Amino acid sequence: MHSSFSALQVRGRGAVRLAAATLVSGLVAVGVMAGAGTAAADGTSQSQSGATATIGGLKTYGAAVIHDEAGDQQISAGLFEMSVEGGGTLQTYCVDLHNPTQTDAKYHETPWSGTSLGANKDAGRIRWILQNSYPQVNDLAALAAKAGVSSGLSEQDAAAGTQVAIWRWSDGADVDAIDPQAEKLADYLEKSARNLAEPEASLTLDPPAVSGHPGELLGPVTVHTNEGSVTVSPPADAATSGVRVVGKDGKAITSAADGSQVFFDVPEDAAAGSAEVTVQASTTVPVGRAFTSESRSQTQILAGSSESTVSATAGAGWAEKGAIPALSAAKNCAKGGLDITASNEGDEDFAFELMGTEHVIPAGTWRTVTIPLQEDQAYDFTIEAPDGFEKRFTGVLDCLTQGAEAGDSTQTLSEPSPATVGGTSADTNLAETGDSGMTGLIAGTAIGLVVIGGAVLLVVGQRKTPTRD
């Protein structure tokens with residue numbers, strides 16, 4: 001699948017081009033671009049923060065029925081299980097009822113702003129449900145008593161009732177649990193839910209991209225985590241490049257804590273180039289964190305976590321002179337587009353043209369440009385500079401729950417069968433809380449970029465880069 005996309009051009013120093021290419025779904029894309037002489041960077045540049053996991057399907061569930069214009073449709077409702085890369089297990093519920101679940105789809109921990117929850121004023125009620133129901137509340141007798149279920153709750157009842165209550169707030173669905181005990185729990189949870197704040201990420205680095213001159217400390221990059229300590233890994237080529245990861249005092253570090261600031265220590269005689277730092281920890285991912293997939297498998301929300309491996313990366317680029325930009329991108333579902341943030345730590349302006357409008361980022365400043373996109377629109381940015389430097393930002397905007405407007409029926413429990421979404425997989429399971437409503441849209445001709453009200457350009461003040469004493 002390809003996506004037609006308006007070209008992003010940079011004239012003069014540091015050319016940037018926006019190209020159309022094969023869809024690769026992503027959550028947050030990051031690129032670091034230095035001036036002339038920068039070495040080529042291979043592959044797609046994606047920065048994932050937090051947990052990465054593979055979905056294994058429904059593990060504890062019951063039955064539910066959706067009521068809509070197409071008639072009553074019976075589906076499965078309950079808890080999914082995911083296996084975390086590096087170790088750990090997650091339990092999740094769905095917040096994207098009418099999308100299919102693809103078997104073995106890879107998921108990444110994602111801010112609510114990058115999902116349908118970002119524009120849902122009731123998203124916090126879903127977090128309340130998660131914290132006050134199964135499996136966070138595993139005393140089913142106590143849960144049944146609170147919900148007024150005199151005959152008690154099985155694990156299947158608890159999972160189905162919890163999922164149904166979530167769908168009522170996440171998708172606005174007219175849905176009921178078939179089992180009377182599960183339905184009573186769903187009613188209790190729906191009516192009792194209160195708005196809570198979004199939970200903090202398990203692990204992030206902010207900003208995910210920095211730049212500067214050789215001989216400077218490039219940064220700071222701030223660590224945000226719910227774990228007491230994280231492991232800091234230096235750039236892969238540190239032994240040959242001489243680039244170190246250090247604290248504010250310039251001393252090399254191998255661990256950091258929440259709020260710690262880390263820097264890239266680039267030798268003064270270093271040729272123009274780039275490097276990445278990775279931080280990792282073992283922690284319990286906070287309940288209520290969203291998870292989105294690379295293959296548009298339905299969005300999930302975390303209900304429980306074992307001790308799990310989480311990681312994050314940040315990049316740095318440097319050059320001796322000229323414009324020295326650092327770029328990052330993140331989905332903004334509230335605005336229906338992609339936020340591109342560009343900073344320039346060089347000594348010359350960084351100028352680029354975006355959708356027919358030229359933008360100039362003066363030295364020492366940064367700006368965020370929002371590119372409006374259509375729902376389900378694929379994007380693929382190729383960022384190029386002289387001397388072979390290249391970075392790609394790829395993804396697809398997946399911000400809305402489709403509801404009955406998708407036009408296709410939901411797979412029933414009595415007719416489980418695999419289906420293919422967009423021709424990418426033979427393992428899409430529509431029996432597990434989802435339908436094929438978007439299949440035609442995704443599999444069809446790529447959607448061209450439609451500008452809705454033009455790009456939004458925000459100018460924010462200057463940054464100062466610490467230097468050696």
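What you see is a predicted model; the values in this text were computed from it and never measured. Side chains are part of it too, since the values below use all heavy atoms of this structure and drop only hydrogens, waters and symmetry mates. Start at 1 with the first residue, then count along the sequence.
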Interatomic spacing from [atom1] in [X] to [atom2] in [Y] - rounded to 0.5 Å:
X	Y	atom1	atom2	value
Gln298	Tyr93	CD	OH	14.0 Å
Tyr107	Thr54	OH	OG1	10.5 Å
Thr92	Phe80	OG1	CZ	6.5 Å
Gln156	Tyr134	CD	OH	7.5 Å
Ile253	Ser260	CD1	OG	7.0 Å
Asp398	Asp376	CG	CG	6.0 Å

In the structure I gave you, are the side-chain heavy atoms of [X] and [Y] within less than 4.5 Å of one another anywhere?
X	Y	result
Asn195	Asp122	yes
Val285	Phe291	yes
Leu140	Glu155	yes
Pro362	Arg367	yes
Ser49	Leu205	no
Ser282	Glu227	no
Ile126	Leu117	yes
Asn344	Trp366	no

[X] and [Y]: which non-hydrogen atoms are nearest, and at how many Å?
X	Y	result
Ala342	Leu327	CB-CD2, 3.2 Å
Leu79	Ala159	N-CB, 4.1 Å
Thr89	Ser306	N-OG, 2.8 Å
Val95	Ile166	CG1-CG2, 3.8 Å
Gly288	Pro199	C-CG, 3.6 Å
Leu302	Gln91	CD1-O, 3.5 Å

Any sub-3.5 Å donor-acceptor pair from [X]'s side-chain atoms to [Y]'s backbone N or O?
X	Y	value
Asp265	Val245	no
Asp339	Ala330	no
Asp171	Leu97	yes
Asn99	Ser297	no
Arg194	Ser192	yes
Asn132	Leu189	no
Thr299	Asp96	no
Glu85	Ala51	no
Thr162	Ala158	yes
Lys184	Gly148	yes

**Report entry** Worked verdict on Glu216 versus Glu345 for side-chain contact (heavy atoms from CB on, under 4.5 Å)
**Finding:** CA-CA 11 Å; Glu216 297 178 341; Glu345 295 294 349; 5.9 Å; no

[X]-[Y] side chain donor-acceptor pair, cut-off 3.5 Å:
X	Y	answer
Asp157	Ser154	yes
Asn226	Thr283	yes
Thr313	Thr278	no
Ser202	Glu109	yes
Thr292	Thr110	yes

Report task. Inspect the contact between Arg168 and Glu183 and indicate whether a charged nitrogen and a carboxylate oxygen are less than 4.0 angstrom apart. Result ->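 A salt bridge is present here (some side-chain N lies under 4.0 Å from a carboxylate O).
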
Query raised in the report: Going by an N to O cut-off under 4.0 Å, is there a salt bridge joining Arg289 and Glu200?
Result: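 A salt bridge is absent here (no side-chain N lies under 4.0 Å from a carboxylate O).
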
Query - Chi angles and distances behind the side-chain contact (heavy atoms from CB on, under 4.5 Å) call for Leu397, Lys331 - result: CA-CA 7 Å; Leu397 191 72; Lys331 288 191 293 185; 4.0 Å; yes

Query - Chi angles and distances behind the side-chain contact (heavy atoms from CB on, under 4.5 Å) call for Val246, Lys251 - result: CA-CA 5 Å; Val246 301; Lys251 295 180 179 179; 5.8 Å; no

Requested in this report: List the steps and the verdict of side-chain contact (heavy atoms from CB on, under 4.5 Å) for Thr101 and Cys94.
Outcome: CA-CA 9 Å; Thr101 300; Cys94 164; over 6 Å; no

